[in-house]
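Here is the structure we will look at, set down as structure tokens.
The structure displayed is predicted, hence computed values, not measured ones. Numbered from 1 within each chain, the chains take letters A, B, ... in sequence-line order.
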Number of protein chains: 2
Amino acid sequence: MEAKPKQILIADDEPDILEIVSYNLGKEGYEVYTAKDGNEAIERAKQLHPDLIILDVMMPRKTGVEVCQILRSQPMFQDTLIIFLTAMSDEASQIKGLETGADDYVNKPISPKVLISRVNALFRRLNKDDNNTGKSIVLGNITIDPVKFLVTINNQEVVLAKKEFELLYLLASRPGRVFLRNEILSQVWGNDVIVGDRTIDVHIRKVRQKLGVDCITTVKGVGYKFEL
Amino acid sequence: MEAKPKQILIADDEPDILEIVSYNLGKEGYEVYTAKDGNEAIERAKQLHPDLIILDVMMPRKTGVEVCQILRSQPMFQDTLIIFLTAMSDEASQIKGLETGADDYVNKPISPKVLISRVNALFRRLNKDDNNTGKSIVLGNITIDPVKFLVTINNQEVVLAKKEFELLYLLASRPGRVFLRNEILSQVWGNDVIVGDRTIDVHIRKVRQKLGVDCITTVKGVGYKFEL
DNA sequence: CCATGAGTTAACCTAATGTTTACACAAAAT
DNA sequence: ATTTTGTGTAAACATTAGGTTAACTCATGG
């Protein structure tokens, strides 16, 4: 299942900024649209209904704050992500911006990289929330859902105990990657807990047994990895 | 259903910051808990399962980044909001922090007001997505009507006491999802009430008994979930 | 053929949960 | 007022399943 690219509308009256930001976000795989003032931003927002709107605060024909207020008042834009971009780095503006309903507030001069990180962070959060499936790991015919605490394999539910589940979840979180025994210990058991040597093996065994599918590979002298 | 105050865990090795931030967030109506180093942060996070964790980056016994990584690797903390707090204002740290899975990154010196705005913004976004409250729930042959305070099972009315009802409603509001004991406590009982260990069990038992249908599953060491 | 690391098994211990009873307290009924 | 009834909590005890260990076996390589 390919996620369709997220659409971003960016509004700023400085062409340079539009270009730099568009370029960088485009490179990240986003679909970028631009507007050069407040009214145009509103217009295009209504046309496109983008996933995220980046608004410069100081713009002709409606400031970013005004645009935000107008959009937020419409039900259609309740859930749309909004980021303010501004040269005014004083506290008051920032607070006001956030209280207007923005999700983030980034000061100019902008570092494209930082902006991208913040954009990514917002989308990451969003996907976690509306996609109940987003959290779960799906690999081939195996599904691991940490919210429901459930493992499904070929549409058969498998019940794992807490430690077993955590162990499997850890390994499956990075398929193919080898986890050292130490890593597993500190991730699943915690650093201050001391357990015997064979404990991990026993749990690995139980998971293998319950899954009935050979997907945990032993790398002797190193650790374990998950692979189908 | 009344909105329960959100729980926030803040970890910093400087007592001054802990105090200032605690005070200000408390004044906003949040329920604030503190930790003074990385390990303590992890420990308390596991106990409390707060809604938001604010992590200082530079802490003894595990940095904020490490804490974040450890928590994020665990299924139970996938959804928890995380904010980094740091004196290092360089780009690279910020980007790295956000990529570790944080939701926001705030530079020191902190303005309490700005921090609060950002915390509010995060919660505002979060609440938009899971607003399921108020509606009646219909699952198979079970109906739960929070308005009439009534549970119907196979067209038979079942009378539940207040706490029993709230407990069932909570679990049924997200079928399949596991609710931690802590979550149940803070949602049904509220976080300032201290009740004994066995109280939840007793109520669970009563609900199970009255429903007569086995639809509440216990996930040992984790919590309970509703499923038919 | 020993050394090392991993797999297997079953027994064991205990933390976590289930169950029951009793009691405080409030609301409703008398 | 007094009784009755129902709810919520605590305390005591029973039970179970999860986690750990230990002893043994197996596989591999030097």
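- Regarding contacts with the backbone of dA23(D), every side-chain N or O of R198(A) stays at 4.0 angstrom or more from both OP1 and OP2.
- Between R208(A) and the phosphate of dG7(C), there is a side-chain N or O to OP1/OP2 separation shorter than 4.0 Å.
- Atom pair H203(B):NE2 and dG18(C):C1' shows a separation of 14 Å (rounding to whole Å applied).
- Among the nucleotides dA22(D), dG19(D), dA16(C), the one closest to the side chain of K162(A) is dG19(D).
- OP1 or OP2 of dA10(D) lies within a sub-4.0 Å distance of a side-chain N or O belonging to T199(B).
- In this structure the side chain of T143(B) never reaches within 4.5 angstrom of the side chain of V151(B), judged on heavy atoms.
- The cationic atom of R177(A) (NZ for Lys, CZ for Arg) lies less than 6.0 Å from the six-membered ring centre of F179(A) and within 45° of the ring axis.
- Within a 6.0 Å sphere centred on CD of E19(B), other residues, nucleotides and ligands contribute 12 heavy atoms or fewer.
- In this structure, Y224(A) reaches the dG7(C) phosphate: one of its side-chain N or O atoms is under 4.0 Å from OP1 or OP2.
- Counting any heavy atom pair closer than 4.0 Å across all strands shown, K220(A) reaches a base atom.
- Counting heavy-atom neighbours within 6.0 Å of K210(B) NZ, excluding the residue itself, gives a total above 12.
- For K163(B), the side-chain atoms get nearest to dT9(D) when compared with the rest of dT21(D), dG19(D), dT9(D).
- Close to dT19(C), at under 4.0 Å from its OP1 or OP2, lies a side-chain N or O of R205(B).
- Close to dG7(C), at under 4.0 Å from its OP1 or OP2, lies a side-chain N or O of T218(A).
- Within the structure, a side-chain polar atom (N or O) of W189(A) is placed less than 4.0 Å from OP1 or OP2 of dT20(D).
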